[in-house]
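Take a look at the structure set out below.
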Amino acid sequence: MSVRTRPAPRLLAKTVRRRPDLERSARCRETELRGFLTMAGHDLGSPLTVIAAHLRQLREDNGSLLGAQAHRDLDVMERAVRRMDRLVENLLAHARADQSELRARAVSLADLVAEVTAERLTTDDGSQVTTHGSLPDVHADPDLLRHVIDNLIGNALKYKRPGAVAQVDISARVAPGDAVRVEVADHGIGIPEADRPKVFEAFHRSANSGSYQGTGLGLAICRRIVERHGGRIGVEPHPGGGSRFWFTLPRQPR
Ligand code: ADP
C-alpha cells in the first residue's frame, strides 16, 4: 500500500489554476459576512433601544407599586440589555474596522492617550494610567486609532486582579523602519501562554477571564485596524506580572 504525502503534479497544477477563483470566492464570502454583521448590528440595535426605553419607563411609572422581586427582575433585564448592546456595538465596530475609509494624517498620540484616559477614569476607585516619557506623533486615522487605544486601556483597567487597584503604564518609542512602537502594560491577571496568540482572534476569551464581562471582539478589531495601517500588534507577559500589549504604526506617510 502506498501513502501519498504530496499532491500529484497534475492535481497541484489544477489547484494553482483554480487559485484566482478560490480567492475571488473567499473575498465574496468575506464581503457577505461583513454585510451580514452590519445588517445584524443595525437590526438588533434598534429593538434593544426600544426594550431599554420601555424598561426605564416601567420603572419610572410603576416603581412604587413594584415589589423587591420585580425590581430585581428589572435589574437583570437591564443588565442583559446592556450586555447585548455592547455585543452589537462591537459587531458594528468589527465591520467598520474593515469597511470605513482609512483617513490617515499626523495624530498626536499624547493628546489621544490623554483624552481616552480622562474618559476612562471616571470612577474614583484609585485606578491609575501613567504615561512614561513623551509620546511621538504617528501617521494614522485618528478615529480608528482612538478605538485601539481605548480598547487596550479599557482592558488593562478591566482585567485587574480581584481586590487590586488597576495600574496602567503607557510608553512609546521610535522603532526600526520609522515605525512607532506603543506599549500598554498592566499588573492584572495576565494571559496564559496558550491563549496569547489567540486573543486577537474574534470571540476568543482566555481561560482565566470567565468572571470578567466581555465579547472577545475588541482585540480582533484592534488587530484589523493596526494591520490596515501596515503595523503589527502583540502581547507578552509583563515582567512585573500582568500583560504588556504593544503595537506599531507608521510615523510618517509611506
Ligand atoms: P473582551 O475583553 O471583550 O472579552 P477582547 O477582544 O478585548 O475582548 O480581549 C480578548 C480576551 O483577551 C479577553 O476576553 C481576555 O481573556 C484577554 N485579555 C485582553 N486584554 C487583557 C488584559 N489586559 N489582561 C488579561 N487578559 C486580557
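Just so you know, ligand 1 is whichever comes first in the structure, and atom 1 is the first atom listed for that ligand.
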- With the 4.5 Å side-chain cut-off for hydrophobic clustering, are L102 and F247 part of the same group?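 Looking at the clustering, F247 is in the same group as L102.
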- Message: Is there a path of hydrophobic side-chain contacts, each under 4.5 Å between heavy atoms of I/L/V/M/F/W/Y residues, joining L152 to L121?
- Response: yes
What protein heavy atom sits nearest [atom], and how far off is it?
atom: atom 21 (C) of ligand 1; value: Y159 CD1, 3.4 Å
atom: atom 12 (O) of ligand 1; value: V199 CG1, 3.3 Å
atom: atom 7 (O) of ligand 1; value: N155 ND2, 2.8 Å
atom: atom 6 (O) of ligand 1; value: L219 N, 2.8 Å
atom: atom 23 (N) of ligand 1; value: D186 OD2, 2.9 Å
atom: atom 26 (N) of ligand 1; value: I191 CG1, 3.4 Å
atom: atom 3 (O) of ligand 1; value: T215 N, 2.8 Å

Run the numbers for me: atoms of ligand 1, each under 4.0 Å from some heavy atom of [X], listed by number.
X: G214; result: 1 (P), 3 (O), 4 (O)
X: S209; result: 14 (O), 15 (C), 16 (O)
X: L217; result: 6 (O), 8 (O)
X: N151; result: 7 (O)

- Task: Examine R205 against ligand 1 and note whether any of their N/O atoms are separated by less than 3.5 Å.
- Result: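 N/O-N/O distance below 3.5 Å exists for this pair.
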- Can you find an N/O atom of H204 closer than 3.5 Å to an N/O atom of ligand 1?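 No.
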- Task: Would you check, one step at a time, whether the test side-chain contact (heavy atoms from CB on, under 4.5 Å) holds for D178 with Q252?
- Result: CA-CA 8 Å; D178 209 26; Q252 292 175 37; 3.7 Å; yes
Take atom [atom1] in [X]; do more than 12 heavy atoms of anything else shown fall under 6.0 Å from it?
X: E60; atom1: CD; result: yes
X: R232; atom1: CZ; result: no
X: H132; atom1: NE2; result: yes

- Item | Option nearest atom 1 (P) of ligand 1 (shortest heavy-atom distance, choices G216, G218, A220) |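 Nearest heavy atom to atom 1 (P) of ligand 1 lies in G216.
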What part of [X], side chain from CB on, backbone N/CA/C/O, both or neither, has a heavy atom under 4.0 Å from ligand 1?
X: L152; value: neither
X: S206; value: both
X: V235; value: neither

Is the backbone N or O of [Y] less than 3.5 Å from a side-chain atom of [X], with the two atoms forming a donor-acceptor pair by type?
X: R161; Y: H187; answer: yes
X: S209; Y: R205; answer: no
X: T122; Y: A118; answer: no
X: R228; Y: A97; answer: yes

Mind checking whether [X] has a heavy atom under 4.0 Å from ligand 1?
X: F245; answer: yes
X: G188; answer: no
X: R86; answer: no
X: K158; answer: yes

- Message: Is there a salt bridge (Lys or Arg N to Asp or Glu O under 4.0 Å) between E201 and R223? Walk through the geometry before answering.
- Response: CA-CA 9 Å; E201 288 167 17; R223 179 168 71 177; 5.9 Å; no
- Whether Y159 and Y212 hold their rings parallel, tilted or perpendicular, with breakpoints at 30° and 60°: tilted
- Task: Would you indicate whether the side-chain heavy atoms of I149 and V182 approach each other to under 4.5 Å?
- Result: no
